[in-house]
Amino acid sequence: MNTPKRYLITAALPYANGLKHIGHLAGAYLPADIYVRYLKAQKRDVVFVCGSDEHGTAIPIQATKEGTTAQAIIDKYHPIIEQNFKDLGIAFDIYHRTSDPLHHQTASEFFKDLEAKGDLETKTSQQYFDESAQTFLADRYIKGTCPNCGHNEAYGDQCEKCGKSLSPEELINPLSTLSGNAPIKKETTHWYLPLNRHEDFLREWILKDHASDWRAAVVGQCKSWIEGGLQARAVTRDLDWGVKVPVAGGEGKVLYVWFDAPIGYISATKQWAINNDKDWKPYWNDKDTKLVHFIGKDNIVFHCIIFPIMLKLHGNILPDNVPANEFMNLEGDKMSTSRGWSIEMDDYIKKWIKKDNGGESLADCLRFYLTSISPESKDSEFTWKGFQESVNGELVSIFANFVNRTWVLMHKLTKGKVPPIHPDLLDEEDNALLNTVKETKEKVTALLEQYKFREAQFEVVNLARIGNQYMQKKEPWIVAKQLDTDPTAQAKIDNCMHGCLQLTANLAILINPFLPFTAKKMCHLMKVVDRMLDWENAGQFNLLKVGYSLRPPELLFRKIEDEEIAAELAELKANAEAKKATMENNTITATQEAPEEKGLKPEIVFDDFAKIDLRVGTIIEAKKVEKADKLLELLVDLGFEKRTILSGIAMHFNPEDIIGKQVTIVANLAPRKMRGIESKGMILMAEDAEGKLYFVNPSEAIAPGSGIS
RNA sequence: GGCGAGGUAGCUCAGUUGGUUAGAGCACAGGAUUCAUAACCCUGAGGUCACGAGUUCAAAUCUCGUUCUCGCUACCA
């Protein structure tokens, strides 16, 4: 494999609507940072970009809710998130933001370029519109009852209570969050990116070229999308928060956030180039650049399908790999900020790092544990007990303990100096140690190149373990007792301590990408400059000069106490309880307010009503629609004809139980195909507070086809 | 419902193209030791590789079916 000329590494842009938790950290930022630190130690030309994603509908919505502005929200969270990353040692070369004019300009030009080349399509469709506010409603501007869990505050794109993703059409009693009124449907025109045009390219590029070097889950997810038939995807939205659509007809529209956000990687690179007096273009245009996106699995489709298509159309390079991580759960449940079941980076920093008994070493403790359970091939689980065991049992007992006993012995037995080597007394153990160091370097290097961070870190710790074994075999503290009787005793001690010291220097180099604060502290102990940490120095046994005096011992980490763990667990549970109580309160309030708030749809005139042809019908056949959970296919007798009507009531009724029932039919509703079957009409149903459905029918059976008015 | 990923020791995970007795760390048990943050070191126990069938001289690995977990996605005119 030949070495790329330069690297561009991206980590998913965090959404600037709140704090980010350690699941995010473990998913994208930490592995990206490890990779970048490794590349930089290799002296490669690398730029590490990230920044806040500040557009989309969630942010203005939140602003309305909190009685503030969208700008205020992003101005609040952007610096906090940026600082959180710094405190945890995530060393971006640039942490930009998509609200920056440079980004607006970049995204704008990107869109114009694609538009001019004819790579986009326009389409007109019906969307919810708020008449009183005179504006189209993006998904998140519509609220209603969740069809899944009955939560009253579900958004048009997702229910925050049960987590189910929704479309505005699914909501029961949709309401505009702007005016509280029921929205109407209105025509609007948007630009679309026709993904379907690029199917052949994607098949070739992902399913063939990257079938073996990308992670299985990533290729699998892409395959699923490609095989499922790619659709044109809307690039613009009716909204006023975001990058304005820069072409005629785009008034009142902005770029859809999924289109604008990844371009943020490019604008961030531009800003970095400006700050550092460099040229950004080769990083996005030169084939010799290796582009790697670090993301969580929820982002696969954007980074593997959509953004690459955009990049290809725009003439940029494509990602070389997209090492997406699975999810990290917490104490037996999914992490979720809204449910209070998460550990925010900000909280961890305040509680562990910025405390009297904390400090930077506690940042490395978190980095260490997160990497050791990194969800590289399947979902993993963070537990506080696991955190404690990992830190105390491996980081402290194996790694730090080796360094500490080396330092203590060196001060006791070799006067605090690097002792000389006595070649005539070197034995197999000494040679084996040197070989192991070289082997470990090779292993760690190979693993890092393959994005296997968990295993790579394990190998480094294992090297420290081997150091402990080496010392145990040599027993310099025993040899020290024979100084009077054995004339070679001091030489034996010298050789052992020399080996342990050189091993420590190697450990510092190898652990540096994972635990940068620790590596730095080790340099301090060894009285060497950071340059010693260059990767090329690993595998060498002359890093510390003979006769050089080193600093007194100093502990690299402190242990994590049982009480601290218990306190965290208690707090986590209390947090979740509190959030749950708030949620339930909201639900109750919403239900109570319902009569006034969502009572009636806007008034209509008689003529509107008269357009609807209501008829009595009798169900004569009913069966479940295959491959659909909710649909029943009904044959309804309307007297003058028999019709096929589909109804989404399969969860409520058995087909055999409803045959013979009389129902009310909207007989002149435009036909609609669902699951390949055409439905000609609609059956009216009443729904009670629990969501139970009832047929609406005449009090006594009457002739099918009778009109209702 | 469709698709994708996963189910291996109490826990967290490895297992390359099917090939002796299925590995590692933690936790556990026993031993040894004291330079070290009661740390280290040695030894040990612990598995019907989710379940069922099939292909094969040989299956954790390949095929089919079942089941559970996670993710994406479809259906409520």
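Labels below follow one simple rule: chain letters A, B, ... track the order of the sequence lines, proteins then strands, and each chain is numbered from 1.
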Between P on B:C26 and CZ on A:Phe399, what's the gap in Å once rounded to a whole number? 16 Å
Which nucleotides of RNA chain B pair, in dot-bracket form (Watson-Crick or G-U under 3.5 Å, | meaning another strand): (((((((..((((.....[...)))).((((.........)))).....(((((..]....))))))))))))....
Separation of B:A24 atom C1' from A:Lys452 atom NZ, nearest Å, is 15 Å
Given B:A24, B:C40, B:C35, the nucleotide with the shortest approach to the side chain of A:Trp477: B:C35
Taking the C1' atom of each, how far is B:A14 from B:G7, in whole Å? 15 Å
Considering every strand and a 4.0 Å limit on heavy-atom distances, what is the contact class for A:Leu556: base, sugar-phosphate, or nothing? base
From CG of A:Asn401 over to C1' of B:C41, roughly how many Å is that when rounded to an integer? 11 Å
Could you work out which one of B:U34, B:U37, B:C40 sits closest to the side chain of A:Arg405? B:C40
So which heavy atom on A:Asp364 is nearest to which on A:Leu395, and how close? O-CD2, 4.5 Å
Rounding to an integer number of angstrom, what distance separates B:U8 and B:C68 when you compare their C1' atoms? 16 Å
Euclidean distance, A:Phe387 CZ relative to A:Asn392 CG, rounded to 0.5 Å: 9.0 Å
In whole angstroms, how far is the P atom of B:C70 from the CE atom of A:Met335? 16 Å
Rounded distance in Å - CG (A:Asn404) to P (B:U37): 5 Å
What distance, rounded to whole Å, do you find between the two C1' atoms, one in B:U69 and one in B:U37? 40 Å
Tabulated below should be each protein N or O lying under 3.5 Å from an N or O of nucleotides 9-13 of chain B; please produce it.
residue: B:C13; atom: O3'; partner: A:Arg454; partner atom: NH2; Å: 2.9

Could you work out the separation of B:C13 and B:G1 based on their P atoms and round it to a whole Å? 28 Å
Given RNA chain B, 5'-ward residue of the pair A:Lys223 and A:Arg465, judged by closest heavy atom: A:Lys223
For B:C42, take OP1 and OP2 only and decide whether either is under 4.0 Å from a side-chain N or O of A:Gln469. yes
Pick base, sugar-phosphate or nothing for A:Lys412, based on heavy-atom distances below 4.0 Å to the nucleic acid. sugar-phosphate
Please state how far atom CD in A:Glu376 lies from atom P in B:A14, giving the value in whole angstrom units. 8 Å
Can you tell which of B:C41, B:G4, B:C26 lies closest to the side chain of A:Gln472? B:C41
Mapping A:Ser390 and A:Leu409 to their closest nucleotides on RNA chain B, which lands nearer the 5' end? A:Ser390
Does the side chain of A:Gln472 pick up a donor-acceptor pair with the side chain of A:Asn468 at under 3.5 Å? no
Quick one: closest heavy-atom pair of A:Ile22 and A:Leu370, and the distance? O-CD1, 4.0 Å
How far, in whole Å, is B:G52 from B:G44 if one measures between their P atoms? 32 Å
Could you tell me whether A:Lys334 contacts a base, only the sugar-phosphate backbone, or nothing, with contacts defined as non-hydrogen atoms closer than 4.0 Å? sugar-phosphate
Which of these, A:Glu455, A:Glu449, A:Arg454, sits in a side chain to side chain contact (heavy atoms under 4.5 Å, CB included) with A:Lys452? A:Glu455
Separation of atom CZ in A:Phe557 from atom P in B:A39, rounded to whole Å: 17 Å
Can you tell which of B:U34, B:C40, B:G71 lies closest to the side chain of A:Phe327? B:G71
Would you indicate which nucleotide in B:C35, B:C72, B:A27 comes nearest to any side-chain atom of A:Gln221? B:C72
A:Ile466 CD1 to B:C40 C1', in whole Å, measures 15 Å
Please check if any side-chain donor atom of A:Gln388 sits under 3.5 Å from a side-chain acceptor atom of A:Asp562, or the reverse. yes
A:Glu475/A:Lys492 salt bridge by N-O under 4.0 Å criterion: no
Looking at A:Lys559, does any N or O in its side chain come under 4.0 Å of the phosphate oxygens OP1/OP2 on B:A39? yes
At 4.0 Å (heavy atoms only), tell me whether A:Trp407 reaches a base, stays on the sugar-phosphate, or touches nothing. nothing
Write down the distance separating the C1' atoms in B:C40 and B:G25, rounded off to the nearest Å. 16 Å
Selected nucleotide, minimal atom distance to A:Asn468 side chain, candidates B:C26, B:U34, B:C41: B:C41
Where do A:Ser390 and A:Tyr369 come nearest, in terms of heavy atoms and distance? CB-CD1, 3.5 Å
Using a strict cut-off of less than 4.0 Å between a Lys/Arg side-chain nitrogen and an Asp/Glu carboxylate oxygen, indicate whether A:Lys473 and A:Asp427 qualify as a salt bridge. no
Which part of the nucleic acid does A:Val408 contact within heavy-atom distance under 4.0 Å: base, sugar-phosphate only, or nothing? sugar-phosphate
Verdict with supporting geometry, A:Asp379 and A:Lys334, salt bridge (charged side-chain N to carboxylate O under 4.0 Å, His left out): CA-CA 10 Å; A:Asp379 289 357; A:Lys334 278 185 244 191; over 6 Å; no
Over all strands shown, is A:Arg215 touching base, sugar-phosphate only, or nothing at heavy-atom distances under 4.0 angstrom? nothing
For A:Gly23 and A:Met328, which heavy atoms make the closest approach, and how far apart are they? CA-CB, 4.4 Å
Pairwise P distance for B:C41 and B:C26, with rounding to whole Å: 8 Å
Students often get this wrong, so: under 4.0 angstrom with heavy atoms, is A:Ala480 touching a base, only sugar-phosphate, or nothing? nothing
What I want to find out is whether A:Lys385 reaches A:Glu389 closely enough, with some N-O distance under 4.0 Å, to be called a salt bridge. yes
Taking atom C1' in both B:A22 and B:A60, what distance in whole Å separates the two? 8 Å
